[in-house]
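Okay, so here's the structure we're looking at.
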Amino acid sequence: QVQLVESGGGLVQAGGSLRLSCAASGRTFSSYAMGWFRRAPGKEREFVGVISGNGGITYYRDSVKGRFTISRDNAKNAVYLRMNSLKPEDTAIYYCAARVGNDVYDGPGQESKYNDWGQGTQVTVSS
């Protein structure tokens, strides 16, 4: 089990950027693929992207490709979500989540494959 804490959310104007961080506990962080999800107001939580344990593979939902980048620093037990060219429709609570294994293409957006979740951080994009 790994404990996750997100940070870095806030209010930003459309077109701006934010970088979210997710700090993880545990000594085997590199054995977890890490995903980012978000829940917009009045909507179900949706998949944003995922990164493999060694950082070599990333996968994103179409609507954020080219704007969002996931990276990780295993020495710091941290994963990041860099968000550029933000749009009002990116407004949501953003969650990081951990899954054992590195086959990130196996149901990348399937929440049941993620064992541990953070509490979320709010991102608000104003128009």
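One-based numbering along the sequence shown.
At distances below 3.5 Å, at least one donor-acceptor pair connects side-chain atoms of N74 with backbone N or O atoms of G53. Although no hydrogens or angles enter the test, the distance criterion places no donor-acceptor pair under 3.5 Å between the side chain of Y95 and the main chain of G35.
Applying the salt bridge (charged side-chain N to carboxylate O under 4.0 Å, His left out) criterion to D103, with sequence neighbours excluded, gives no partner residue. In this view, S31 and T28 satisfy the side chain to side chain contact (heavy atoms under 4.5 Å, CB included) rule, not counting sequence neighbours. For S85, the side chain to side chain contact (heavy atoms under 4.5 Å, CB included) partners are R67, not counting sequence neighbours. Residues meeting the side chain to side chain donor-acceptor pair (under 3.5 Å) test with N115, sequence neighbours left out: none.
The structure places CZ of R72 at 13.5 Å from OG of S21, a figure rounded to the nearest 0.5 Å. Put simply, OG1 on T91 and CD on Q122 are 7.5 Å apart, with the number rounded to the nearest 0.5 Å. Between the CZ atom of F47 and the CD atom of Q110 there is a distance of 11.5 Å, given to the nearest 0.5 Å. Remark: T69 OG1 to R19 CZ distance equals 11.5 Å, nearest 0.5 Å.
Heavy atoms from other residues, nucleotides or ligands lying under 6.0 Å from CD of Q3 number 12 at most. Atom NZ of K76 sits in a sparse spot, with 12 or fewer heavy atoms from other residues, nucleotides or ligands closer than 6.0 Å.
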Output, in order, the C-alpha distance, side-chain angles, deciding distance and verdict of side-chain contact (heavy atoms from CB on, under 4.5 Å) for R61 and R38. CA-CA 11 Å; R61 69 179 298 109; R38 65 187 181 186; 4.2 Å; yes
What's the verdict on side-chain contact (heavy atoms from CB on, under 4.5 Å) for V5 and Q119, showing C-alpha distance, side-chain angles and the deciding distance? CA-CA 7 Å; V5 179; Q119 83 291 346; 4.2 Å; yes
Check against side-chain contact (heavy atoms from CB on, under 4.5 Å), S17 and N84: CA-CA 4 Å; S17 298; N84 295 328; 2.9 Å; yes
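Taking the six-membered ring where the residue is Trp, F37 and W117 present tilted rings, their angle falling between 30° and 60°.
Each disulfide (SG to SG under 2.5 Å) pair with one or both residues in residues 93-127, not counting sequence neighbours, appears once here: C22-C96.
Through chains of ILVMFWY side-chain contacts below 4.5 Å, W36 is grouped with V2, L4, V12, L18, L20, F29, Y32, M34, V48, I51, Y60, V64, F68, I70, V79, L81, M83, L86, Y94, V100, V123, V125.
Between Y114 and P108 the shortest heavy-atom distance is OH-O, 2.6 Å. The two residues A33 and V104 have their closest heavy-atom pair at CB-CG1, 3.7 Å. Here the closest heavy-atom approach between residue S127 and residue A14 is recorded as CA-CB, 4.3 Å. The minimum heavy-atom distance between Q1 and D116, with the atom names listed, is CG-OD1, 3.2 Å.
Ion pairing of D90 with K87 is absent here, as no side-chain N (NZ or NE/NH1/NH2) approaches a carboxylate O to less than 4.0 Å.
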